[in-house]
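Notes to accompany the following structure.
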Amino acid sequence: MKLASLLAQYLLAHKQLSLPGLGVFYADNNGDPEYPAIRFEQQPVDGFDESIVDFVSSETGKMRVLAISDLNSQLEDAVRFLNTGKPYLFTGIGTLLKKADGSYDFVPNTAPLPPRKKDVPITERNTVPQSYIEEKPGNGRSKKPAIIIIVLAVIAIAATIWFYSKTGEPSNVSEVSETTEPSPVKNTPSPDTTGNQAPQQGNTGNSGVAPAATATPGITTYVLEITKEPRASRRYNQLKKISWPVELEKVDSLQYAIIMRLNTALPDTAKVRDSLTAISGRKVTIRY
């Protein structure tokens with residue numbers, strides 16, 4: 001709550017408000033407490049009354065020292081503004097204007113004074129500051145769920161790369177070779193009489209050799225990045241520290257390629273390339 005509105009509430013409750021360096025405001029009910037007649041008298045005031053300090057301290061939940069500091073700061077701003085010759089509005093009380101001879105003109109507020117805030121129980125006031133009770137909950141949300149999701153996504157991508165890099169064990173090759181043993185074939189005359197018959201391609205026969213051969217894994221070279229020194233060495237060392245099987249290859253006199261050779265089945269090369277691109281943050285290409 002702003003301090004200016006607290007001054008108006010104090011005046012409504014105590015009928016008198018003394019401001020050092022300015023004077024005293026008086027509030028007379030005249031039969032209508034919501035529309036009191038407010039007047040101002042310019043007179044010397046040494047300091048703030050103890051009652052106004054206690055009132056501000058209890059309403060804001062601050063210590064007395066802080067309440068006095070807030071009152072002094074508010075009053076200094078008002079006096080500094082009035083010394084410029086401009087009118088100063090005390091919210092809910094009225095407007096003061098300093099004239100050339102040093103006296104003040106006062107125009108009372110025509111609107112009703114702001115109602116006093118509902119009293120807070122003593123036990124609650126001593127444990128929780130009033131400013132915290134009135135504070136609206138912020139719109140900020142915790143960022144922890146987002147961080148957890150990002151970490152899980154990175155782990156999933158890394159697991160995918162590891163899985164595809166480990167596919168195609170030697171046992172698969174032996175199985176293919178077992179299934180590709182030549183089967184007995186009847187001796188039939190060949191229609192080609194040239195004697196230099198080329199081997200037929202794409203002939204799957206009875207054993208289905210061609211489909212199995214397309215899924216046979218092989219070493220695929222993934223180009224993670226092509227860059228110059230010193231970034232090439234720095235990036236290479238970073239990837240080595242996290243156990244990436246990378247190699248540093250010189251392309252020309254200035255550029256170096258950071259590559260990774262993985263034993264990957266042909267249908268899975270695109271998936272591995274996309275996973276490496278997502279993790280490294282740079283577009284990864286395949287060297288054929």
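Reckoned from all heavy atoms, side chains included, excluding hydrogens, waters and symmetry mates.
- Residue Phe90 is tested with Phe106, Phe40, Phe25 for a ring pair (Phe, Tyr, Trp, His ring centres under 6.0 Å); the sole match is Phe25.
- A salt bridge links Asp77 to Arg80: at least one charged side-chain nitrogen sits closer than 4.0 Å to a carboxylate oxygen.
- The two residues Thr269 and Tyr222 make their nearest non-hydrogen contact at CA-OH, 3.5 Å.
- By the 4.5 Å heavy-atom criterion applied to side chains, Arg235 and Arg282 are not counted as neighbours.
- In this structure, Thr277 contributes its side chain and Arg273 its backbone to a donor-acceptor pair below 3.5 Å.
- Within 6.0 Å of atom NZ in Lys86, 12 or fewer heavy atoms from other residues, nucleotides or ligands are found, so the atom counts as exposed in its surroundings.
- When the shell of 6.0 Å around CG of Asn83 is examined, it contains more than 12 heavy atoms from other residues, nucleotides or ligands.
- At a threshold of 4.5 Å between non-hydrogen side-chain atoms, the residues Thr220 and Val272 do not count as touching.
- One finds the CD atom of Glu247 at 7.5 Å from the NZ atom of Lys240 (value rounded to the nearest 0.5 Å).
- No more than 12 heavy-atom neighbours from other residues, nucleotides or ligands sit within 6.0 angstrom of NZ on Lys283.
- Once rounded to the nearest 0.5 Å, the distance linking OG1 of Thr95 with CG of Asp105 reads 11.0 Å.
- Remark: Tyr236 engages no residue in a ring pair (Phe, Tyr, Trp, His ring centres under 6.0 Å) (not counting sequence neighbours).
- In the hydrophobic clustering of ILVMFWY residues, with side-chain heavy atoms under 4.5 Å counting as a link, Ile279 and Ile259 come out apart.
- By the 4.0 Å N-to-carboxylate-O rule, Lys250 lies too far from Glu229 to be salt-bridged with it.
- Qualifying ring pair (Phe, Tyr, Trp, His ring centres under 6.0 Å) partners for Tyr10, counting only residues two or more places apart in sequence or in other chains: His14, Phe55.
- Hydrophobic clustering (ILVMFWY, side-chain heavy atoms < 4.5 Å, transitive): Phe48 and Val65 are in distinct clusters.
- With contacts defined as side-chain heavy-atom distances shorter than 4.5 Å, the pair Leu248/Ile258 qualifies.
- Hydrophobic clustering keeps Leu66 apart from Ile68 (ILVMFWY residues linked when any side-chain heavy atoms are closer than 4.5 Å, directly or through intermediates).
- Put simply, Val246 and Ile242 are part of the same group of oily side chains (I, L, V, M, F, W, Y) that touch within less than 4.5 Å, one to the next.
- Under the 3.5 Å distance criterion, the side-chain polar atoms of Ser57 are left unmatched by any main-chain donor or acceptor of Val53.
- At distances below 3.5 Å, not a single donor-acceptor pair connects side-chain atoms of Ser73 with backbone N or O atoms of Ser69.
- Rounded to the nearest 0.5 Å, atoms OG1 (Thr221) and CD (Glu249) are 8.0 Å apart.
- Taking NZ from Lys228 and CG from Asp252, the interatomic distance works out to 8.5 Å, rounded to the nearest 0.5 Å.
- The two atoms that bring Ser18 and Pro20 nearest to each other are O-CD, 3.9 Å, heavy atoms only.
- Between Leu7 and the choices Leu12, Ile52, Thr91, the side-chain contact (heavy atoms from CB on, under 4.5 Å) rule is met once, by Ile52.
- Side chains of Trp244 and Leu276 form a contact here, defined as non-hydrogen atoms less than 4.5 Å apart.
- In this structure, the separation between CG on Leu224 and CE on Met260 is 5.0 Å, given to the nearest 0.5 Å.
- With rounding to the nearest 0.5 angstrom, the CZ atom of Arg231 is 4.0 Å from the CD atom of Glu225.
- In terms of heavy-atom proximity, Ile38 sits nearest to Gly92 at CD1-O, 4.0 Å.
- Counting heavy atoms from C-beta outward, Ile93 and Leu17 have side chains that approach closer than 4.5 Å.
- A side-chain N or O of Ser103 and one of Asp101 form a donor-acceptor pair less than 3.5 Å apart.
- A 4.5 Å side-chain heavy-atom check between Thr285 and Ile226 finds every atom pair outside the cut-off.
- Cluster annotation: Val223 and Leu239 are assigned to distinct hydrophobic clusters (Ile/Leu/Val/Met/Phe/Trp/Tyr, side-chain heavy-atom contacts under 4.5 Å, transitive).
- Across every non-hydrogen atom of Phe81 and Pro87, the tightest pair is CE2-O, 3.0 Å.
- Contact of the Val79 side chain with the Leu22 side chain is registered, since non-hydrogen atoms from C-beta on lie closer than 4.5 Å.
- Of all the heavy atoms in Tyr104 and Leu82, the pair that sits closest is CE2-CD1, 3.8 Å.
- Here the closest heavy-atom approach between residue Tyr26 and residue Val24 is recorded as CZ-CG1, 3.4 Å.
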